[in-house]
Structures are given as structure tokens and as C-alpha cells.
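What follows is one structure encoded as C-alpha cells, with my remarks underneath.
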Amino acid sequence: MSELLTVEQAVAAVVEHAKPRGKHDVEIGDAFGCVLAEDARAAVDLPPFDSSAMDGYAVRSGDSPGALKVVGHSAAGHPAQAVLRGGEAVNISTGAVVPDGADAVIEIERVQERGDVVVVEGVAEGANVRPRGGDVAAGSVIGQAGTRIAATHVGALAAAGVALVSTFERPRVAVLSTGSELRPPGSALAPGQIYESNSLLLAAQLRSAGIDADVLGAVRDDEAALRAALERGLQADVLLTSGGVSVGPHDLLKRLFDELGVQRVFWGVAMRPGKPLYFGVREETLVFGLPGNPVSTLVGFELFVRTALRACEGEAAPQPRFVPGRLATPLQRNAQRDELVRAYAQGGLVTPVSGQESHMIVRAAAANALAFIPRGEGSLAAGEHVGYLPV
Ligand code: AMP
Ligand code: MG
């Protein structure tokens, strides 16, 4: 293995090569989770008209308190025809247009209704009126380019009359597991075999990133079979492989990547777990060769693949988002490698789970965080600040 990159250098290399895909317009109802390619602006003032915040009567505040003649009715979707003059009131429901001439709405609880006359208590100018444009003015930016569209953005943009938004295309991602020992869960295991979990793990992680993976299955450590599967996988925007990138005689992927025209960007990151991670590019396709130990796959995805996906989707800041926390217990550091320690984070306190070896995926399932422990001498004391990635 050539010179190892630090995690930071490897993240930077990934970001450098992961460029946004094309732009396309998406209906707002389908836009959740996409990244805006252009600023999205309100199409109308919101509210589009002065509207009532209450059921009650629209009045001139100067006429209150007093007895007023009811001259009309304004319901949601059915504005009153009348223009309000002095001494008059219009019965109004929540969300209805406040008629011209009125400057306040008095809630029904503060009104006595007597036939076509209402006796109203005093009300201040502007009371219970939601002014036109009070939420947003037409043309204002609701979501900036590079923002991932959250549910709140969907609601806001739809309310402001936006039917289509310009977003970056989401990358197509292919997933391929390698290893002659792998069998699908549910089948019987012959001696030496294990259940294949990485493609399912990766597909689930991809789903958490809003991407439906094209899972190409598990391929045995056979050159011809692997080459054929890789050629298929290289048609995607991002190819994720697991296993076969280490230094053993059955680790064929690096050579096959070379033969298939993938340019190596790096192989080997000074981290634990997941050191022999490979990253390369072939034209627009990004290729991640994740080491096969399941926890290495998990960690490699969270640090590098998720970052790449965010960058491909045009997110302004795609890098891993470490959450600040404090160690609950002292922790020995690794002198050479940054460690991603599986931990349980609660209330800002980060407690490593037991079983930190890279094959221990079941132990990792007890964790909800990958704590970043920078390489160095000695140990970190309890209470020391650490960053973690929620998982
Ligand atoms: P490798 O990176 O191919 O040397 O694999 C390292 C370890 O991870 C070996 O113990 C493999 O059996 C195991 N492994 C590789 N791929 C998978 C997979 N898809 N699911 C579960 N374990 C795997
Ligand atoms: Mg293998």
C-alpha cells in the first residue's frame, strides 16, 4: 500500500472529484430530499391578500366599541362583495379576505349578535389581520441554491405558489459485493461460508440518503465474473464495491479497476477501521472500493460515500457533519490512525460500545454514533471533546 492519506485528505480528494450532475425541473410534490440547483423564489405574496386570523367580524377599529350593521359575509374562498363603510361590520371566517375598508377583525367571543346588528368590544387597528405578504413577499428567496429540500421547504414553496423547482439530478448508484464465501441470508451455510450483509447495509445507507440503489448482488472472487459485474456497475454514476481491495491473493479489484480504465485517486486511508479503502474515477463515474469487513464498509460509506453523494447532488457543504460531544470514559488513542469508534451518544455524552473490531457488525448495531478519535499518543480523558457522526 502506497502512502496513506489522512481522513481529512481523503475527504478533500473525494470532494474534488465529486461534481454536481445535470439540472432538471422537479414537481414540488416530488422534490423532497433533492438539492436546489437554483434559488427558489415565492411566486406570490403570502398570504396573497389581507386575511383573517379568526372567526368574527371585520370592522373599522375606530368604530369599536359600538353597535355595527352587518353588511356581508366573507368566508374562506368566498370574499364579501361589500366595501366596509363607517358603522358597518362583515361577518368573517378564518382565512377569508378582510374586506376593503376594514382594518381589524374582532373575534366572535367578543361580539354580541342581535339580528343584523352586532355589538362589538374595543379592538385595536390591525388586530387579527394577517397582512398580505406578511410571511413572504413575491420574488423573495425561500430556498437558496445548494439547499437540500426538507419537508418544510416543500410546504413553504407549495404555499408560495411554486409548482416546479430546479434541482440537481440524483446520482445512480450501483452496489456490488465480492467474495466466494458469501451467501444470501436465508440460505444454508456450507463450511467456510458467511452471510452476505454489506450490499444490504449499503442499500439501507443509500436509502437513508434518499437513493434507491441498483444492487448487483454478490460475485465470487473470480476474475471473469468480477470483470463482467464491474463493467455493469461502471455504467452508474457511483459504483460501490465491498471486499477484495486488500492485499490478499483473492483481492482482485484494484487490478481489475486499472484494467477497466478506472484512474486511482487513492488506496489506503490512515484510519481504523477501513484502511484499505480505494477511490477512483472513470470519466464521470466515481468508484469506491470499500473493504469487506462490515464495519469498515459502514464507516467508509459514512465518511466518504455520503460526502460524495452530497457533492454530486450539489450540496454546498458536502463534508461529514460531526456533532460535538464529550467522551463519557477515557479512551486510548491510536498513534498512527484516526479511529471511528462505534459509540452510543446521548445528551452529548459519547460512550464507546463494547466490541470494536471491524467484523463486529452486531456490536456496531448497538451504537448510534461514529466518534472520531484523532490519532495521537496516550489517551483522551473522560470529558474530552470529540466529534461524532450519527448513524
Ligand atoms: P475482504 O475485504 O474481501 O478481504 O473481506 C474482509 C472480511 O469481510 C472477510 O472476513 C470477509 O468474509 C468479510 N466480508 C467481505 N464481504 C462481505 C459482505 N458482503 N458481507 C459480509 N461480510 C463480508
Ligand atoms: Mg474478500
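Starting from 1, each residue takes its place in the sequence as its number. We count ligands from 1, going down the list as the structure has it; atoms in each ligand are counted the same way.
Residue-environment remark: NE2 (His250) stays at or below the threshold of 12 foreign heavy atoms within 6.0 Å. Around CZ of Arg272, the count of heavy atoms belonging to other residues, nucleotides or ligands within 6.0 Å does not exceed 12.
Gly179 does not count as a contact of ligand 1, since none of its heavy atoms falls under 4.0 Å from the ligand. At least one heavy atom of Ser197 sits under 4.0 Å from some atom of ligand 1. Remark: distances from the non-hydrogen atoms of Glu181 to ligand 1 include one below 4.0 Å.
Under the 4.5 Å side-chain criterion, counting only non-hydrogen atoms from C-beta, Ile108 is not in contact with Met54. Using a 4.5 Å heavy-atom cutoff, the side chains of Phe266 and Leu277 are in contact.
Residue Ser199 has no N or O atom closer than 3.5 Å to an N or O atom of ligand 1.
Here NZ of Lys69 is found 14.0 Å from CG of Asp63. Values are rounded to the nearest 0.5 Å. Put simply, CG on Leu4 and CD on Gln336 are 9.5 Å apart, with the number rounded to the nearest 0.5 Å.
Residue Thr178 approaches ligand 1 through these ligand atoms, each under 4.0 Å from one of its heavy atoms: 16 (N). If you number the atoms of ligand 1 from 1 as listed, the ones under 4.0 Å from a heavy atom of Ser177 come out as 19 (N). The ligand atoms of ligand 1 that sit less than 4.0 angstrom from a heavy atom of Gly244 are 1 (P), 2 (O), 3 (O).
Considering only non-hydrogen protein atoms, atom 6 (C) of ligand 1 sits nearest to Asn293 N, 3.6 Å. Regarding atom 4 (O) of ligand 1, its nearest protein heavy-atom neighbour is Asp251 OD1, 4.0 Å. Regarding atom 17 (C) of ligand 1, its nearest protein heavy-atom neighbour is Asn198 ND2, 3.3 Å. Scanning all protein heavy atoms for the shortest distance to atom 22 (N) of ligand 1 gives Ile194 CD1, 3.5 Å. Closest to atom 19 (N) of ligand 1 among all protein heavy atoms lies Glu196 OE2, 2.8 Å.
Of all the listed residues (Ser296, Gly289, Gly292), Gly292 holds the heavy atom that lies closest to atom 8 (O) of ligand 1.
Between Ser242 and the choices Thr178, Thr297, Asn198, the side chain to side chain donor-acceptor pair (under 3.5 Å) rule is met once, by Asn198. In summary, of the residues considered (Lys19, Arg148, Arg306), a salt bridge (Lys or Arg N to Asp or Glu O under 4.0 Å) with Glu313 occurs for Arg148 alone.
The side-chain hydrogen bond (donor to acceptor under 3.5 Å, both in side chains) test applied to Ser199 returns Glu196, not counting sequence neighbours.
Contacts between Thr297 and ligand 1 below 4.0 angstrom, taking non-hydrogen atoms only, are absent altogether. Residue His250 does not touch ligand 1, judged by heavy-atom distances below 4.0 Å.
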Side chains of residues 121-128: which donor-acceptor partners sit under 3.5 Å, not counting sequence neighbours?
from   : atom 1 : to     : atom 2 : distance (Å)
Glu121 : OE1    : Arg110 : NE     : 3.0
Asn128 : ND2    : Val105 : O      : 2.8
Asn128 : ND2    : Glu107 : OE1    : 3.0

